[in-house]
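Okay, so here's the structure we're looking at.
Being a predicted model, the structure only gives us computed values, none of them experimental. Labels below follow one simple rule: chain letters A, B, ... track the order of the sequence lines, proteins then strands, and each chain is numbered from 1.
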Number of protein chains: 2
Amino acid sequence: MEKNIEKFMTSTDCPVRNVLDRFGDKWSILVVLVLGEKGTMRFNEINKTIGDVSQKMLTVTLRTLEADGLVSRQVFPEIPPRVEYELTHLGISLVPHIHNLAAWANDNLGEIRTSREKFKV
Amino acid sequence: MEKNIEKFMTSTDCPVRNVLDRFGDKWSILVVLVLGEKGTMRFNEINKTIGDVSQKMLTVTLRTLEADGLVSRQVFPEIPPRVEYELTHLGISLVPHIHNLAAWANDNLGEIRTSREKFKV
DNA sequence: CCTTTGACTTACCAAAAGTAACTTAATAAC
DNA sequence: GTTATTAAGTTACTTTTGGTAAGTCAAAGG
């Protein structure tokens, strides 16, 4: 992992690239984070919690996360419909890493903002 | 951080959102990872190491990371030009978290791939 | 029968990212 | 003494990704 990073990077089989490409979209990480905090949630609940995600993209994001095995989807055959989402064990195992990243963000936002201001000038 | 995540999420001042929005682009995390591995690098070196990033997006990504204070940029007034990039202390402090994420990706890619296959059917 | 409800689709539009050609100025090659 | 090369970009144009707003579905309530 330390030596031939070059080959790792350019390869389409690079695990980091493979997963990063998938989570490098606009909403996936945030959805995992929210489900990690609140446990089981319904579609509109996730939508409102995040606030500025479109229905379309939330649908796409949840389907992708389901396909990847990070989120489970349970449909209740009622009218109006009820669909509940929650993290799988795989999804849960990712949460601490996102929390670490979030904590870093929290700790360093001040410095980042200062830097952004300086750069403008 | 545990209770009012709702307010955190919808707020534009949410540190997580603020930083995630910035790193949720396609290349930032990867560039930090590469610079973290190799130390000081020139533009074309980063470009070749990643392999499939366009010059345009690498320029944009590096400028953004510089504005955020994660990467430093040193121009040598030579012809042809030489520009060296490296992580700042802030950028370096982020690397371990990305490594953790990369390790998770590495450990779980098999399960993710299996899940993706199942989902197709 | 007309509205409401939740979880979506769909058609259309805007923003982000990719592609390929162009720029710059000093050497090196012809 | 033109022409090619070189590194780090920029620019114009195209494709991909994401956003917006309206429509769908079927039962229950008025």
Side-chain angles (χ1 to χ4, degrees), chain A residues 6 9-10 12 17-32 34-35 38-68 71-86 119, chain B residues 6 9-10 12 17-32 34-35 38-68 71-86 119:
Chain A
E6 206 136 351
M9 281 304 167
T10 50
T12 53
R17 291 299 304 275
N18 204 297
V19 174
L20 229 52
D21 282 353
R22 196 75 162 227
F23 287 86
D25 68 358
K26 208 169 171 184
W27 301 112
S28 292
I29 290 183
L30 211 52
V31 169
V32 172
V34 168
L35 282 174
K38 307 245 263 179
T40 303
M41 290 176 87
R42 297 179 62 176
F43 184 88
N44 279 348
E45 204 182 345
I46 303 174
N47 198 349
K48 276 169 201 156
T49 302
I50 293 183
D52 56 349
V53 62
S54 65
Q55 281 189 320
K56 176 184 152 189
M57 285 317 297
L58 184 54
T59 303
V60 171
T61 303
L62 286 167
R63 286 296 186 291
T64 307
L65 289 172
E66 193 194 355
D68 285 357
V71 162
S72 72
R73 177 173 184 266
Q74 191 180 2
V75 183
F76 296 85
E78 307 170 355
I79 303 258
R82 179 158 62 101
V83 181
E84 289 186 352
Y85 294 91
E86 61 181 341
F119 199 77
Chain B
E6 205 135 353
M9 281 304 168
T10 50
T12 53
R17 291 298 304 275
N18 204 295
V19 173
L20 229 52
D21 282 352
R22 196 76 163 226
F23 287 86
D25 67 359
K26 207 168 171 185
W27 302 111
S28 293
I29 290 182
L30 212 51
V31 169
V32 172
V34 169
L35 282 175
K38 306 246 262 180
T40 303
M41 290 177 85
R42 298 178 62 175
F43 184 89
N44 279 349
E45 206 181 344
I46 303 174
N47 198 348
K48 276 169 202 157
T49 302
I50 293 183
D52 56 349
V53 62
S54 64
Q55 282 190 319
K56 175 184 152 188
M57 286 317 297
L58 184 53
T59 302
V60 171
T61 303
L62 285 168
R63 285 296 186 290
T64 307
L65 289 173
E66 193 194 355
D68 285 358
V71 162
S72 72
R73 177 173 184 267
Q74 192 180 0
V75 183
F76 296 85
E78 306 170 357
I79 303 258
R82 180 157 61 103
V83 181
E84 289 186 351
Y85 294 92
E86 60 182 341
F119 200 76

For this session: Apply the test side chain to side chain contact (heavy atoms under 4.5 Å, CB included) to residues A:Trp27 and A:Leu62: give CA-CA distance (whole Å), side-chain angles for both, the deciding distance (0.1 Å), then the verdict.
Result: CA-CA 9 Å; A:Trp27 301 112; A:Leu62 286 167; over 6 Å; no
Exercise. What's the closest nucleotide to the B:Lys56 side chain, out of D:dA12, D:dA8, C:dA7?
Worked result: D:dA12
For this session: Quickly work out the B:Leu58 CG to C:dT19 C1' distance and round it to whole Å.
Result: 15 Å
Problem set entry | Between P of D:dA21 and CE of A:Met57, the distance in whole Å | 17 Å
For this session: Find the distance B:Phe76:CZ to D:dT6:C1' and express it as a whole number of Å.
Result: 17 Å
Exercise. How would you label the contact of B:Asp25 with the nucleic acid (heavy atoms, under 4.0 Å): base, sugar-phosphate, or nothing?
Worked result: sugar-phosphate
Problem set entry | CA sep, side-chain torsions, deciding dist, call: A:Lys26, A:Thr61, side chain to side chain contact (heavy atoms under 4.5 Å, CB included) | CA-CA 9 Å; A:Lys26 208 169 171 184; A:Thr61 303; over 6 Å; no
Problem set entry | Value in whole Å for how far the P atom of C:dC8 lies from CD of A:Glu45 | 14 Å
Exercise. Within less than 4.0 Å of OP1 or OP2 of D:dG19, is there a side-chain N or O belonging to A:Lys26?
Worked result: yes
Exercise. Can you tell me how far the CD atom of B:Glu84 sits from the CD1 atom of B:Ile46, to the nearest 0.5 Å?
Worked result: 10.0 Å
For this session: Round to a whole Å and report the spacing from CD1 of A:Ile46 to P of C:dG6.
Result: 15 Å
Exercise. Is the distance from OP1 or OP2 of D:dG19 to the nearest side-chain N or O of A:Trp27 less than 4.0 Å?
Worked result: yes
Problem set entry | First of B:Pro81 and A:Ser54 reached from the 5' end of DNA chain D, by closest nucleotide | B:Pro81
Exercise. Closest to the B:Thr59 side chain: D:dA12, D:dG9, C:dC8?
Worked result: D:dG9
Problem set entry | Closest nucleotide among C:dT19, D:dA8, D:dT20 to the B:Val83 side chain | D:dA8
Exercise. Given side chains that start at C-beta, do those of A:Phe43 and A:Thr59 come closer than 4.5 Å, heavy atoms only?
Worked result: yes
Problem set entry | Per A:Arg42 side chain, nearest of listed nucleotides D:dA22, C:dA17, C:dG6 | C:dG6
Exercise. Please walk me through it: do B:Leu65 and B:Arg73 pass side chain to side chain contact (heavy atoms under 4.5 Å, CB included)?
Worked result: CA-CA 10 Å; B:Leu65 289 173; B:Arg73 177 173 184 267; over 6 Å; no
Exercise. Of A:Ile79 and A:Phe43, whose closest DNA chain C nucleotide lies nearer the 5' terminus?
Worked result: A:Ile79
Exercise. Can you check the B:Leu30 CG to C:dA17 P distance for me, whole Å?
Worked result: 14 Å
Exercise. How is B:Tyr85 classified with respect to the nucleic acid when contacts are heavy atoms under 4.0 Å: base, sugar-phosphate, or nothing?
Worked result: sugar-phosphate
Exercise. Looking at C:dC8, D:dT20, D:dT10, which one has an atom nearest to any side-chain atom of B:Arg63?
Worked result: D:dT10
Exercise. For the pair made of CG in B:Leu62 and C1' in C:dA17, what is the distance, rounded to whole Å?
Worked result: 15 Å
Exercise. Rounded to whole angstrom units, what separation is found between the CD atom of A:Gln55 and the C1' atom of D:dA21?
Worked result: 10 Å
Exercise. Side-chain N or O of A:Arg82 less than 4.0 angstrom from OP1 or OP2 on C:dT5?
Worked result: no
